[in-house]
Participant: 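This is the structure, below, for whatever I ask next.
Residue numbers start at 1 and run along the sequence shown.
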Amino acid sequence: MQVPSNKAIALEVCIRATRVEDQFEQPQIRALNQHPEFFANRPPPNITLALRRVLPGGGPGPTPAEANAVPFRVNSSGGGKDLAVYFVNVDLDMLEEKTVRLRKAGQFVEWMLAQSPDDARSHLLATPVARQRLIEHFEESYINNPPGDYEITARYTPTTPENWNGTLVSAPARLRVVDAGDFFDVIKAQQKAKAGR
């Protein structure tokens, strides 16, 4: 699968029941867009993901796979069941250091406010608190998946006794991230194109 560097990676994690008597839990994953109490009154998440970078040559290199692990964040729009297939939808992106993300978001906010200095909304954001909130908003939106080759593995571990017991681990799915330009530069270009119409 090939994906652009400036967009979230959309996945569908699926479990296929091979027999009618096999009962699986609905796949659930912990995600940033869930309420903090989402799992308070329900079974804990049963899906976890692992993402690692594949070194040149196609292998993990001389170090253990964990050494090539890549930090990432997950959002989920939920899931469901289609006949014998249980699934959960996942959007993930790889994380740069927080300080880098905040710096790039801050630069974008400064650029954005400079485009319309006489706009009343620009004046509302003149206070440090309001500007910081806007920077944090764009920091959360910012996506920059480093170009390269990766492998994603999903693990299903049921949490309730009445369902199929055991752990399922997917075969690694190969992913190639291609450079599609900086996330904020793409937005700037889109805004400039609109202004030029």
Side-chain angles (χ1 to χ4, degrees), residues 1-13 29-39 45 47-56 66-79 88-152 154 173-197:
M1 181 168 82
Q2 185 167 292
V3 296
S5 58
N6 53 22
K7 294 186 182 295
I9 301 162
L11 304 171
E12 190 174 75
V13 180
I29 191 167
R30 190 173 300 281
L32 285 176
N33 59 329
Q34 292 164 341
H35 188 276
E37 300 296 320
F38 183 79
F39 289 106
I47 297 289
T48 56
L49 300 176
L51 176 66
R52 72 176 188 92
R53 185 157 197 153
V54 177
L55 300 180
E66 291 76 11
N68 300 324
V70 177
F72 60 93
R73 60 182 173 179
V74 168
N75 286 287
S76 176
S77 57
V88 62
N89 296 308
V90 173
D91 290 330
L92 69 82
D93 67 282
M94 302 169 213
L95 287 173
E96 285 186 301
E97 291 290 331
K98 181 88 169 178
T99 53
V100 174
R101 298 171 62 82
L102 285 170
R103 176 175 54 80
K104 291 184 177 180
Q107 291 170 346
F108 177 71
V109 168
E110 292 299 328
W111 173 86
M112 187 177 65
L113 297 178
Q115 303 310 298
S116 52
D118 297 326
D119 191 311
R121 290 171 293 184
S122 296
H123 296 294
L124 290 174
L125 294 169
T127 67
V129 172
R131 186 164 299 200
Q132 185 60 32
R133 284 182 184 158
L134 190 60
I135 290 171
E136 289 171 358
H137 166 76
F138 282 109
E139 183 270 326
E140 291 178 0
S141 304
Y142 176 66
I143 296 174
N144 183 33
N145 300 313
D149 292 321
Y150 301 85
E151 284 184 348
I152 300 175
R174 185 62 68 96
L175 175 73
R176 172 162 289 176
V177 176
V178 295
D179 189 357
D182 180 76
F183 179 84
F184 290 127
D185 287 345
V186 171
I187 297 176
K188 290 177 185 178
Q190 291 171 343
Q191 293 301 316
K192 289 177 181 178
K194 286 181 182 178
R197 289 178 183 172

Participant: Do side-chain atoms of Asn144 reach the backbone of Ser5 as a donor and acceptor pair under 3.5 angstrom?
Facilitator: no
Participant: Looking at every non-hydrogen atom in both residues, tell me the closest pair between Arg174 and Tyr150 and how far apart they are.
Facilitator: CD-O, 3.2 Å
Participant: When rounded to the nearest 0.5 angstrom, what is the spacing between CZ in Phe138 and CG in Leu102?
Facilitator: 13.5 Å
Participant: To the nearest 0.5 angstrom, please state how far the CG atom of Leu175 sits from the CG atom of Leu11.
Facilitator: 7.5 Å
Participant: Would you name the heavy atoms of Ala180 and Pro4 that are closest together and state the gap between them?
Facilitator: CB-CB, 3.7 Å
Participant: Counting distance only, does the side-chain N/O of Asp93 pair as donor-acceptor with the main-chain N or O of Ala8 below 3.5 Å?
Facilitator: no
Participant: Any chance you could measure Phe184, atom CZ, to Lys188, atom NZ, to the nearest 0.5 Å?
Facilitator: 9.0 Å
Participant: If you take all heavy atoms of Asn6 and Gly181, which pair is closest and at what distance?
Facilitator: ND2-O, 3.2 Å
Participant: Between the side chain of Asn145 and the main-chain N/O of Met94, is any donor-acceptor distance below 3.5 Å?
Facilitator: yes
Participant: For Val54, does its backbone N or O pair with a side-chain atom of Asp149 as donor and acceptor, under 3.5 Å?
Facilitator: no
Participant: To the nearest 0.5 Å, how far apart are CG in Leu49 and CD1 in Ile9?
Facilitator: 10.5 Å
Participant: Taking atom CZ of Arg176 as the centre, does the number of heavy atoms from other residues, nucleotides or ligands within less than 6.0 Å exceed 12?
Facilitator: no
Participant: Restricting to non-hydrogen atoms, name the atom on Phe39 and the atom on Ile29 that form the minimum distance, rounded to 0.1 Å.
Facilitator: CZ-O, 3.9 Å
Participant: Which pair of heavy atoms, one from Glu139 and one from Arg101, lies closest together, and at what distance?
Facilitator: O-NH2, 2.6 Å
Participant: Search all heavy atoms of Pro146 against all heavy atoms of Arg53 and return the closest pair with its distance.
Facilitator: CB-NH1, 3.9 Å
Participant: Heavy atoms, side chains only, cut-off 4.5 Å: are Arg103 and Val100 in contact?
Facilitator: yes
Participant: Once rounded to the nearest 0.5 Å, what's the spacing between atom CD of Glu140 and atom CZ of Arg73?
Facilitator: 7.5 Å
Participant: Can you tell me how far the OG atom of Ser141 sits from the CZ atom of Phe108, to the nearest 0.5 Å?
Facilitator: 9.5 Å
